[in-house]
Protein chains: 2
Amino acid sequence: MDIRFAANERVELTFLIGRVSRELRRRFDIDMASLKLTRAQWRAMLYVFRLKQPTQTELAEVLELGRASVGSLIDQLERRGNVARIVDEKDRRVWRVVPTSLASVKWAEIDEAGSHVATEVFAGFTEEDLLNVKSYMEKVILNLNRANEMSAHASNKGIANDTD
Amino acid sequence: MDIRFAANERVELTFLIGRVSRELRRRFDIDMASLKLTRAQWRAMLYVFRLKQPTQTELAEVLELGRASVGSLIDQLERRGNVARIVDEKDRRVWRVVPTSLASVKWAEIDEAGSHVATEVFAGFTEEDLLNVKSYMEKVILNLNRANEMSAHASNKGIANDTD
DNA sequence: CACCGATTGTAAGCCGCCATACTGTATCTA
DNA sequence: TAGATACAGTATGGCGGCTTACAATCGGTG
């Protein structure tokens, strides 16, 4: 087998993944526009319902976002009447995030919108394909984590000089 | 085969792709920090070298970005001395983008940085795996395009009402 | 109790990307 | 030749996400 996947094509492949990600977000945003939600907001709502009164930090963890990002996401959702912040009795530092009754009523509809897009996006994929995609993506994440650890060590110990 | 990939899991899969994309960019950015380039800038440079004096619009096409995004990318690269804008003799509307001699000298090194990351990211992937990833991603793009066309038609003709 | 370190959330400012609206130039056509 | 139309690039402002720095609070330890 000849080298069809030279470094160059691997680079292109990372760009392709980026492109998929961007277009995916765009499609979600379009489909959810009628619900007045962006994909990021929709996703936050998803976990607000799942977690039952999560703190913002808890949300940040499951969403894999920074606390600051989640904070502004909640701001948006609060302004539009989708969630409310309620105080925690036991810890005055934290806000607990809850859906408004309005959002609860509309949730079935909102949830449906997500399923619709996801089904559309993977049209023609078999179960096996989906599992493959998942495991490929997870493997990339693992490789990235390993790389991050390595560069962290290198800078800690002053090893570095890989490209010099 | 039971339904392991319900709509819910398909949604999660789109999130996973987004996460991969974000972490990919982060890793590129870290590796290229020593070269004073972000991934987006690096990528623009790649095509500046490949295309030989492209216009900004041509760059926008190959990069699959909007013209405005490319404009500001070129601004950054120009400020840091990586590219220059030269006038087109035949059409006074356009700028042709060329690498500076400084960038040309460093290009081999810069190019290497990209290969390094891409190799790291796909460590443990066989040729077949890489081809699979590529074709899965392309299929998603196709599905997205089809969805976009459909919703465009629907809104043109006032059909819509898919989710109602 | 007093203090110190860890933790929650906010503020400010950056990057990457987008869409929209605008300027200036080119080109086609009457 | 004038006027409409198309096209290149810029300006502006928005979203999504990040980092860094900070205030308030909690919790442990002396």
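Source: prediction; values computed, not measured.
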If I take atom CG in residue B:Asp91 and atom C1' in nucleotide C:dG24, what distance separates them, rounded to the nearest angstrom?
11 Å
Answer yes or no: does a side-chain N or O of B:Arg85 lie under 4.0 Å from OP1 or OP2 of D:dT10?
yes
Provide, to the nearest angstrom, the distance between the CG atom belonging to A:Leu37 and the P atom belonging to D:dC15.
13 Å
Looking across every strand, which nucleic acid part, if any, lies under 4.0 Å from A:Arg43 by heavy atom: base, sugar-phosphate, or nothing?
nothing
Let me know the distance between CG of A:Leu59 and P of C:dG9, rounded to the nearest Å.
9 Å
OP1 or OP2 of D:dG16 versus the side-chain N and O atoms of A:Gln76: is any pair under 4.0 Å?
yes
Would you mind telling me which residue lines up with the more 5' stretch of DNA chain C, A:Arg26 or A:Arg67, judged by nearest nucleotide?
A:Arg67
Is there a side-chain contact between B:Arg92 and the phosphate of C:dA26, meaning an N or O under 4.0 Å from OP1 or OP2?
yes
Please work out if B:Arg39 contacts a base, only the sugar-phosphate, or nothing of the nucleic acid, heavy-atom cut-off 4.0 Å.
nothing
When the distance from CG of B:Asp29 to P of D:dC18 is rounded to whole Å, what number comes out?
13 Å
By nearest heavy atom, map B:Gln41 and A:Thr55 onto DNA chain C; which one lands nearer the 5' end?
A:Thr55
Considering only heavy atoms and no angle criterion, is a donor-acceptor pair shorter than 3.5 Å present between the side chain of A:Arg93 and the base of D:dC26?
no
Can you figure out which of C:dA26, D:dG16, C:dT8 approaches the side chain of A:Ala40 most closely?
D:dG16
Within the structure shown, what part of the strands sits under 4.0 Å from B:Thr38 by heavy-atom distance: base, sugar-phosphate, or nothing?
sugar-phosphate
Within the structure shown, what part of the strands sits under 4.0 Å from B:Thr57 by heavy-atom distance: base, sugar-phosphate, or nothing?
sugar-phosphate
For the pair B:Trp107 and B:Phe49, name the ring-plane relationship: parallel under 30°, tilted 30 to 60°, perpendicular over 60°.
parallel
So, OP1 or OP2 of C:dC18: does either fall under 4.0 Å of a side-chain N or O from A:Arg22?
yes
Can you tell me the distance, in whole Å, between the CG atom of A:Asp88 and the C1' atom of D:dC26?
12 Å
So does B:Gln56 get a side-chain nitrogen or oxygen closer than 4.0 Å to the phosphate oxygens (OP1/OP2) of D:dT10?
yes
Picking from B:Val133, B:Leu16, B:Val121, what satisfies side-chain contact (heavy atoms from CB on, under 4.5 Å) with A:Val140?
B:Val121
Salt bridge check, B:Arg27 against B:Glu120: does any charged N sit closer than 4.0 Å to a carboxylate O?
yes
Please state how far atom CG in B:Leu24 lies from atom P in D:dG17, giving the value in whole angstrom units.
16 Å
Any cation-pi pair here, A:Arg50 with A:Tyr47, using under 6.0 Å and within 45°?
yes
dist B:Leu77:CG -> B:Ser72:OG (nearest 0.5 Å) comes out at 9.5 Å
Is the distance from OP1 or OP2 of D:dC18 to the nearest side-chain N or O of A:Ser69 less than 4.0 Å?
yes
Are A:Arg85 and A:Asp75 within salt-bridge range, i.e. N to O under 4.0 Å?
yes
When all nucleic acid strands are considered with a 4.0 Å heavy-atom cut-off, which category describes A:Ser72: base, sugar-phosphate, or nothing?
nothing
In whole angstrom, give the distance that lies between atom CE of B:Met32 and atom C1' of C:dC15.
16 Å
